[in-house]
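Just so we're clear, the structure is a prediction, and the values are computed from it rather than from any experiment. Chain identifiers are assigned alphabetically (A, B, ...) following the order of the sequence lines, protein sequences preceding nucleic acid strands; residue numbering begins at 1 within each chain.
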Amino acid sequence: MEVRDLHEWPATAEEAEKIQDRLRPLLDLAGPGPAAPRTVAGLDVSYADGSDRLVAAAVVLDAATLDTVEESVVAGTATFPYVPGLFAFRELPTLIEALRGLTVTPDVLVCDGYGLAHPRRFGLACHLGVLTDLPTFGVAKTGFVGTYAPPGEDRGDASPLTDAGEVVGRVLRTRDGVKPVFVSAGHRIDLDTACRLTLGLCPGYRLPETTRRADHLSRQALRHT
DNA sequence: GCGACAG
DNA sequence: ATCTTGTCGC
């Protein structure tokens with residue numbers, strides 16, 4: 001599939017922040033986004049111990065059956081350090097190549113991390129949304145920005161994630177009695193649709209099948225490399 | 001000033 | 001992210 005080149009890769013945190021500020025206006029937050037997408041892609045990256053080696057994976061699933069439609073894996077190098085708030089610059093280069101390796105264009109992209117729930121409202125899911133112009137959202141495993149009240153214990157229970165007075169995401173329980181996930185919109189989708197899709201992708205585990213399969217694929221490829 | 005801090 | 005064994009529970 002196609003992924004645009006909208007900027008050079010930054011060498012410093014200052015440059016990276018400027019890029020985020022420059023791209024943020026390109027976000028489409030109108031929604032509602034695809035209520036019943038045919039395909040959904042999951043993205044994830046695995047890292048090697050001591051080296052800078054990493055592997056990015058993109059897995060496309062049939063949204064209705066959750067069958068795997070296509071997989072793409074690419075080995076790369078970490079060229080940017082992990083900095084909270086600039087996390088996208090570490091994984092994006094290789095993730096983009098993995099997406100370009102797909103012959104099909106997914107209807108939605110599910111990212112491992114945050115979208116709008118970000119200090120400058122431009123997390124990984126937003127960044128990927130602008131570069132692909134596809135609907136995107138993020139599902140994170142741990143907290144980052146914002147405060148929230150613990151959601152109810154049942155699958156589907158949720159509570160708003162608030163930061164600086166605005167709702168930037170939702171803390172969603174995907175399994176009864178299991179630690180909730182953090183869902184936030186990225187591009188061309190609203191929070192309700194993102195949460196609805198997330199639940200559909202979580203029939204048996206806390207994390208979406210998209211994320212789980214991309215994780216397994218990238219991890220396995222890292223060994224074989 | 002002191003933590004906290006997506007992966 | 002990654003380093004790591006057993007163990008409690010459905």
**Study point:** Atom CD of E166(A) with >12 non-hydrogen neighbours under 6.0 angstrom
**Key:** yes

Check your understanding: Have E70(A) and T103(A) got a donor and an acceptor in their side chains that come within less than 3.5 Å?
Key -> yes

**Study point:** Any donor-acceptor pair under 3.5 Å from D44(A) side chain to T211(A) backbone
**Key:** no

Hey, what are the protein-to-nucleotides 5-7 of chain B N/O distances that come in under 3.5 Å?
unit_1, atom_1, unit_2, atom_2, d
dA6(B), OP2, Y82(A), OH, 2.3
dA6(B), N7, G85(A), N, 3.3
dA6(B), N6, G85(A), O, 3.3
dA6(B), N6, F87(A), N, 3.4
dA6(B), N6, H118(A), NE2, 3.4
dA6(B), N1, L124(A), N, 3.3
dA6(B), N3, Y114(A), N, 3.1
dG7(B), OP1, K141(A), N, 2.9
dG7(B), OP1, K141(A), NZ, 3.4
dG7(B), OP2, T142(A), OG1, 2.8
dG7(B), O3', D112(A), OD2, 3.2

Review point. When all nucleic acid strands are considered with a 4.0 Å heavy-atom cut-off, which category describes R219(A): base, sugar-phosphate, or nothing?
Key: sugar-phosphate

Review point. With no hydrogens and no angle check, do the side chains of H118(A) and H127(A) hold a donor and an acceptor under 3.5 Å apart?
Key: no

Review point. Is any NZ, NE, NH1 or NH2 atom of the basic residue among R196(A) and D192(A) found under 4.0 Å from an Asp or Glu carboxylate oxygen of the other?
Key: no

Practice item. Under 4.0 Å from any heavy atom of chain A: name the first and the last nucleotide of DNA chain C that qualifies, 5' to 3'. Key: dA1(C) to dC3(C)

Check your understanding: Hey, are Y47(A) and E91(A) close enough side-chain-wise for a donor-acceptor pair under 3.5 Å?
Key -> yes

Check your understanding: Is the NZ or CZ atom of R212(A) both under 6.0 Å from the centre of the six-membered ring of Y205(A) and within 45° of that ring's axis?
Key -> yes

Practice item. Using distance alone, with no hydrogens and no angle criterion, decide if R53(A) and T225(A) have a side-chain donor and acceptor under 3.5 Å apart. Key: no

Check your understanding: Which stems, defined as runs of 3 or more consecutive Watson-Crick or G-U wobble pairs with both pairing distances under 3.5 Å, involve DNA chain B?
Key -> none

